[in-house]
Amino acid sequence: MMNKNSQLYDDNKAACADDGIFGLAYTQKDARVCLVPVPFEATASFHLGTLNAPQAILKASEQLDLYHPLAPRAWEQGISLLDENPNIRQLNQTLFENVSTLRNSHNDSTQTLIDHINEQTTQLHHQVTAQCTALLNQNKRVGLIGGDHSTAWGNIAAHVARYPDMGILHFDAHDDLRQSYEGFIHSHASIFYNVLENLPLKKLVSLGIRDYCQTEQDYAEQHIANGRLSRFTQDELNQLLFKNMSWDQCCQRIAAELPPEVYISLDIDGLDPTYCPHTGTPVPGGLSFQQVVYLLRYLVQHDHRIVGFDCVEVGAHEYDANVGARLLYEMCVLSLLS
Ligand SMILES: [Mn+2]
C-alpha cells in the first residue's frame, strides 16, 4: 500500500530538506526507519565539526534521487530524521570546555574533572540507549547519526539487546580498541573496546583498519583467538586486491565472517579521505565509496539482513555531507529490505 507521503513526493521537483531528510515528509510515527541525531564530540582529539553532521547531512540529502536498483520503492516505508535533543548540544559545549581545561592544566584537580566527564558521558549513553530501545520496541529500524564514534554506543547497546545473535560490520581507519584515551572512558578511540568488554556481542568484523597501536594489536589478537573479532586491515585487503583477488571475492570472505543479522557501524574515515576530508581523524589509503556500497549490497544479496546502523565522524562540510548522505541512504534502504 502506498504511504500518503509517497503521494506527496514528486521526483521531478527539486527536493527540499525543509520537508525532511531526503526531501521526505515522514514523521517518527509513520516512518519505518528512524534516524537519531547525536550532536556530540566533546572528547574528539583532532578535527572538530562532526557534531554538526546531522544538519549537514540533512541539507545534503536534498541532492539525492531516491531510486535504488535493489529496492526502487523501499523509501515509501518512510525515513525520518528525529529532532536533535538540545541538551546534547549543550552538554557537548560544557564538556568541550572541561576537556580544553584538562588539556591545558597540569595540577591535581585533573582526575576530578576526568571523573566528571566520564559520569556525564555515561549518562548521555544511557539516554541514547533508552531512546533507541524505545524505537526498536515500536518495530522501527533505527540508524544513528554522530557526532564522533563514541556516540554510536547507545544504538549498538540497544541492538545487541534486541538482536542477541547479530554481528557488527565496522568500517574504520582505526580499531577503536583503546582502553580509554586521554583518561576518557567513552572516547571515540575506545568504542569497540567498550563494546567487547561490556556487551554480549558475538561477532565484530572490522574493515579498513590502518592506524593502530601495539596495545590495540595485542587486544585484537586476543579476540581474534577467541572468535569474537575478525579483522580485515587495509594492508591485508591490499595484499588480496593487489594480487588479483576481486573485490567480489573479498566481500565473500567478509560476509562469511558475519552472522545473518548485521548491524553496520560506519565510521566514514574507513573510506579514503578523498571522500571525507573533514572527518575527525583522516588517514590516507582507505576504502573507496564504490567498495563500501558494493559490500553493503553484497550482504543483502547473500542472506544477510541489515538490522540497524550508525554513520559517524562525518565532517560538516558540503562534500563530506554529500558522501555521508548517500551512504546513509544506502543503509536506510538496505535495512528496509528485511
Ligand atoms: Mn572510529
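The analysis underlying the following values was restricted to heavy atoms, covering all of them including side chains, and did not include hydrogens, waters or symmetry mates. Just so you know, ligand 1 is whichever comes first in the structure, and atom 1 is the first atom listed for that ligand. Note that this is a predicted model, so its numbers are computed, not measured.
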Check whether the side chains of Y219 and Q214 place a donor and an acceptor atom closer than 3.5 Å, and report yes or no.
no
Side chains of H170 and S206: any donor to acceptor distance under 3.5 Å?
yes
Please determine, by modelled atom types, if Q234 and N238 share a side-chain donor-acceptor pair under 3.5 angstrom.
yes
Under a plain distance cut-off of 3.5 Å, with no hydrogens placed, do E221 and Q217 share a side-chain donor-acceptor pair?
yes
Excluding waters, which are neither shown nor counted, protein N/O/S atoms under 2.8 Å from the Mn ion (ligand 1) come to 4
Can you tell if the side chain of R326 reaches within under 4.5 Å of the side chain of E330, non-hydrogen atoms only?
no
Whether the E41 and N92 side chains hold a donor-acceptor pair (N or O, under 3.5 Å, no angle test) is what I'd like checked.
no
